[in-house]
K.L.:
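I'd like to ask you about the structure that follows.
Order of listing sets the numbers, starting from 1, for every ligand and every atom in it.
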Amino acid sequence: MKKHLLYIASTLTLAACGTSGNLIKEINNLTPTASGASAPANINTAFAVPSANKENVTFRIKANQIGYMRNAQKLAVIPNVSSTTFDVINNVTKEVVYSSTLSSPSTWDASGDTVKIADFTSVTTPGEYTIAVKNLRYNAYPFTIGDDALSDIHDAALKAYYFNRASIKLDPKYAGVWARPLAHPDTNVKIAPGAESGNRKVGDIISASKGWYDAGDYNKYVVNAGISTYTLLASYEHFSDFYKNRDINIPESGDAVPDILDEIKWNLDWLENMQDLDGGVYHKLTTENFSGKVMPHETNEQRFVVQKNTPATLNFAAVMAVASRVFANYEDAFPGKSAAYKQAAIKAYDWANRFAGIRYDHAFSVTGEYGDATFSDEFSWAAAELFILTREKSYLNEFYAENQAVSAPSWPTVAGLGFISLGFHGEKLLNEKQLSAKEFNEIKSKIVNHASAITDQVNANAFRVPMNKGDFYWGSNSGALNKGLMVYQAYALTGEKRFLDTVTSSIDYILGRNAVDYSFVTGFGENSTLSPHHRQSYADNVRAPVPGFVAGGPNEGKQDKCPNYIGDAPALSYVDSWCSYASNEVTINWNAPLVYLLAALQAK
Ligand code: G3I
Ligand code: 9MR
């Protein structure tokens with residue numbers, strides 16, 4: 001097994017194998033060294049890599065540091081040296097297995113780098129490899145080619161949600177070195193000023209347990225939970241065979257329900273309690289201020305539910321509608337849940353129609369804002385999901401009335417999610433005559449045209465990645481992933497390989513084919529994110545960060561004003577430090593498309 005995958009795999013299966021105690025102890029005692037001399041041989045040697053700066057990233061080969069599916073496109077970015085060829089080397093035999101010509105140089109305006117492309121798509125024999133180029137001091141970080149190459153990282157990206165669960169003790173059996181006591185039971189949550197209604201007064205207590213912490217902070221936000229929960233539900237709905245027997249070692253593993261649905265249900269259980277009796281949904285469950293850099297059980301500030309509003313309520317309606325159709329197949333395990341989700345969705349949608357223009361008012365607390373000013377996309381998405389669930393034409397009419405374009409989704413821009421669901425269910429709706437052929441074709445062509453534009457952009461890009469100069473905002477890595485998510489829908493509808501190549505490029509970008517030379521997923525890759533803005537990772541006295549989280553990524557806004565950003569260019573605006581909440585935080589909405597794409601590449 002690859003050494004950089006070892007500690008995560010051992011943590012995922014700690015209880016089952018019982019042999020990894022020493023390894024975990026080694027991780028615990030590990031301290032970073034410049035030389036790497038103290039790093040045990042089987043540990044992620046990222047600890048040995050000096051912190052990145054522009055000088056030491058320029059002359060690295062940038063490639064996916066984890067792995068490629070056997071039949072996937074395989075590209076690496078090579079600095080602009082005089083060599084015109086490259087070699088792929090088998091890391092075990094040290095033999096050159098493939099040599100070919102580099103592309104001509106091309107410049108990426110987002111980073112200022114002039115680079116060449118090495119294309120080794122035709123290497124399909126499973127194994128451990130690296131890439132070498134004459135006159136370059138460093139080879140590529142080692143990577144795997146094989147059908148299982150992305151298996152462990154997928155499971156870790158999904159398991160990251162377990163590590164961010166509120167209202168539960170993380171048992172060492174499941175959490176390994178990242179175990180922690182129960183925190184935030186959230187059974188004693190106050191109605192904040194502005195959140196009162198006929199039957200609930202300011203200061204009244206409600207219970208809204210469970211759910212996932214949003215991010216590096218410990219608050220829970222409905223808008224962001226919406227897109228995150230949807231994307232995980234879609235991952236299950238689209239790749240249900242892939243998830244059938246996947247065991248990610250969470251407390252529910254081994255029950256009659258796929259682990260991914262058990263994990264999702266943890267958040268649905270919370271979301272249900274964020275709906276007021278009148279159908280409206282609170283924006284967030286939060287403290288007034290962000291907590292200190294402490295473990296969750298070390299905080300004890302009062303938590304509140306804050307202001308019902310239109311976008312939170314529509315996010316809730318959409319997710320509950322999807323949950324109702326997905327959990328309909330698990331009636332035995334969760335009797336009555338599907339029906340309850342349906343009722344909650346309809347009630348929320350009706351509330352949003354009655355109160356169609358209520359924005360989030362950020363007056364009460366300074367924690368996460370997730371403020372959104374335009375709600376057409378939320379209406380469109382919720383209507384699409386309610387149509388698929390109920391087959392009632394009025395919802396389809398409302399979907400059309402919003403007249404939304406397909407775009408890569410993000411927390412404030414969710415129209416694309418409705419198109420994903422309609423694309424996936426389109427064939428069935430067509431057969432049932434719920435959609436006309438014209439309607440289905442129109443939905444398909446909107447998705448395909450969008451995916452073609454992204455794919456053309458990738459093919460014209462010097463790094464061959466789905467990132468333009470203007471794409472480096474807060475959470476840019478989720479932008480790369482959500483473009484892949486949308487393009488994958490075109491692949492599912494057409495089977496065209498060029499779309500799958502773009503999806504592979506999204507993943508490759510996140511795992512190392514980027515200007516800063518990082519694998520942005522904690523615990524995976526020789527040079528991976530080590531110091532995310534994640535309170536648990538910071539405060540737990542474990543050197544290794546909680547694994548499986550993707551960092552936000554380069555953000556030219558640099559709102560945190562931290563020192564030591566790798567560079568000023570947009571694609572270089574990243575620093576792997578706790579300080580950098582604007583480029584190095586983790587959140588549930590950024591991890592969800594990572595889970596989806598890693599499943600998609602393996603399940604196709
Ligand atoms: O709306 C503008 C758009 O018009 C413009 O083109 C674009 C280019 O910069 O910016 C857009 O606004 C950005 C907004 O996100 C919407 O994407 C802001 O600049 C940007 O500062 C804002 O960042 C958000 C950040 O909170 C600050 O509010 C992130 O998307 C969001 O992911 C992040 O979320 C936080 C939570 O509040 C708290 N929990 C952690 C989480 C992650 O850091
Ligand atoms: O830690 C907070 C992080 O979770 C948020 O995403 C971020 C933006 O809202 O804010 C962080 O908190 C910072 C605060 O906004 C400003 N002072 C420093 C805090 C981090 O240490």
Side-chain angles (χ1 to χ4, degrees), residues 110 160 164 166 184 211-228 231 283-296 299 301 303 306 311-312 315 359-362 364-375 377-378 407-416 467-483 520 529 531-539 546 549-563 570-571 573-575 577-594:
N164 252 31
H184 299 109
W212 303 308
Y213 300 131
D214 182 58
D217 64 320
Y218 296 133
N219 304 302
K220 305 189 287 197
Y221 309 89
V222 168
V223 165
N224 203 42
I227 183 169
S228 313
T231 306
H283 189 72
K284 57 179 173 178
L285 190 162
T286 184
T287 46
E288 282 184 80
N289 297 296
F290 285 115
S291 77
K293 301 187 272 191
V294 295
M295 291 296 282
T299 64
E301 295 88 3
R303 292 174 43 109
V306 178
N315 266 281
R359 281 182 71 164
Y360 167 59
D361 168 3
H362 200 38
F364 174 73
S365 93
V366 303
T367 62
E369 183 168 359
Y370 292 119
D372 189 3
T374 53
F375 314 151
D377 53 321
E378 282 81 8
S407 62
S410 62
W411 67 259
T413 314
V414 292
M467 295 298 278
N468 291 316
K469 200 175 177 185
D471 287 339
F472 293 91
Y473 47 78
W474 196 312
S476 65
N477 281 343
S478 70
L481 291 164
N482 278 318
K483 284 187 189 181
F520 291 113
T529 296
S531 305
H533 188 87
H534 183 235
R535 281 166 174 73
Q536 295 170 78
S537 294
Y538 182 89
V546 173
F549 276 110
V550 63
N555 171 11
E556 64 175 325
K558 298 188 176 81
Q559 290 89 338
D560 48 49
K561 301 189 169 52
C562 295
S573 300
Y574 175 72
V575 54
S577 122
W578 152 267
C579 170
S580 187
Y581 54 83
S583 81
N584 209 33
E585 192 161 359
V586 303
T587 87
I588 55 173
N589 65 313
W590 303 339
N591 251 61
L594 177 67

K.L.:
Judged on heavy-atom distance to atom 39 (N) of ligand 1, which of Asp214, Asn219, Val223 sits nearest?
P.N.:
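Going through Asp214, Asn219, Val223 one by one, Asp214 has the nearest heavy atom to atom 39 (N) of ligand 1.
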K.L.:
Please could you name the atoms of ligand 2 that Glu585 approaches to less than 4.0 Å, counting only its heavy atoms?
P.N.:
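By the 4.0 Å cutoff, the relevant atoms are 3 (C), 4 (O), 5 (C), 6 (O).
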K.L.:
Ignoring hydrogens and geometry, is there a side-chain-to-backbone donor-acceptor pair from Tyr221 to Gly368 under 3.5 Å?
P.N.:
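Side chain of Tyr221 to backbone of Gly368: a pair is present.
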K.L.:
Can you confirm, on distance only, whether ligand 1 has an N/O atom lying under 3.5 Å from any N/O atom belonging to Trp590?
P.N.:
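No.
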K.L.:
With the threshold set strictly below 4.0 angstrom, can you tell me whether any protein non-hydrogen atom sits that near atom 17 (N) of ligand 2?
P.N.:
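No, there is no protein heavy atom closer to it than 4.0 Å.
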K.L.:
Test your reading of the model: is there a side-chain donor-acceptor pair from Arg535 to the backbone of Gly216, 3.5 Å cut-off?
P.N.:
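Judged by distance alone, yes, a pair lies under 3.5 Å.
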K.L.:
Under 3.5 Å, is there a donor-acceptor pair linking the side chains of Asp560 and Ser580?
P.N.:
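Short answer, yes.
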K.L.:
Can you name the closest pair of heavy atoms from Tyr574 and Ala551 and give their distance?
P.N.:
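Distance-wise, the nearest heavy atoms are OH-CB, 4.1 Å.
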K.L.:
Is atom 32 (O) of ligand 1 less than 4.0 angstrom from at least one protein heavy atom?
P.N.:
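Neighbour list for atom 32 (O) of ligand 1 includes protein heavy atoms (cut-off 4.0 Å).
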K.L.:
Check each atom of ligand 1 against the heavy atoms of Ala215 and keep those under 4.0 Å away; list them by number with element.
P.N.:
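That gives atoms 39 (N), 40 (C) of ligand 1.
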K.L.:
Compare Glu369, Lys293, His533 and give the one whose heavy atom is closest to atom 21 (O) of ligand 2.
P.N.:
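Looking at heavy atoms only, His533 sits closest to atom 21 (O) of ligand 2.
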K.L.:
Heavy atom under 4.0 Å from ligand 2: found in Trp474's side chain, backbone, both, or neither?
P.N.:
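Only the side chain of Trp474 comes within reach of ligand 2.
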K.L.:
Can you confirm whether some protein heavy atom lies under 4.0 Å from atom 10 (O) of ligand 1, or whether none does?
P.N.:
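Within 4.0 Å of atom 10 (O) of ligand 1, no protein heavy atoms are found.
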K.L.:
Check this for me - ligand 1, Tyr370, N or O atoms closer than 3.5 angstrom, yes or no?
P.N.:
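Yes, since at least one N or O of Tyr370 sits under 3.5 Å from an N or O of ligand 1.
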K.L.:
I'd like to check which ligand 1 atoms, numbered from 1 as shown, lie under 4.0 Å from a non-hydrogen atom of Gly368.
P.N.:
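In order of number, 36 (C), 37 (O), 38 (C).
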K.L.:
Within the 4.0 Å heavy-atom shell around Glu585, which atoms of ligand 1 are there?
P.N.:
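So the answer, numbered in order with elements, is 40 (C), 42 (C), 43 (O).
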K.L.:
Within a distance under 4.0 Å of any heavy atom of Gln559, pick out the atoms of ligand 1 and give their elements.
P.N.:
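By the 4.0 Å cutoff, the relevant atoms are 21 (O).
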K.L.:
Can you name the atoms of ligand 1, numbered from 1 with element, that are less than 4.0 Å from a heavy atom of Thr587?
P.N.:
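In order of number, 41 (C), 42 (C).
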K.L.:
Could you tell me the residue and atom name of the protein heavy atom closest to atom 15 (O) of ligand 1, and the distance to it rounded to 0.1 Å?
P.N.:
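That would be Trp411 CZ2, 4.2 Å.
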K.L.:
Right, does atom 7 (C) of ligand 1 have protein non-hydrogen atoms nearer than 4.0 Å?
P.N.:
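No, there is no protein heavy atom closer to it than 4.0 Å.
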K.L.:
Can you pull out the closest protein heavy atom to atom 17 (O) of ligand 1? Residue, atom name and distance to 0.1 Å, please.
P.N.:
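Answer for atom 17 (O) of ligand 1: Pro412 CG, 4.3 Å.
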K.L.:
Please work out which of the three classes, parallel, tilted or perpendicular, describes the rings of His184 and Tyr218, given edges at 30° and 60°.
P.N.:
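Correct class here is tilted.
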K.L.:
Using a strict cut-off of 4.0 Å, indicate which atoms of ligand 1 neighbour a heavy atom of Glu369.
P.N.:
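Listed by number with element, the hits are 37 (O).
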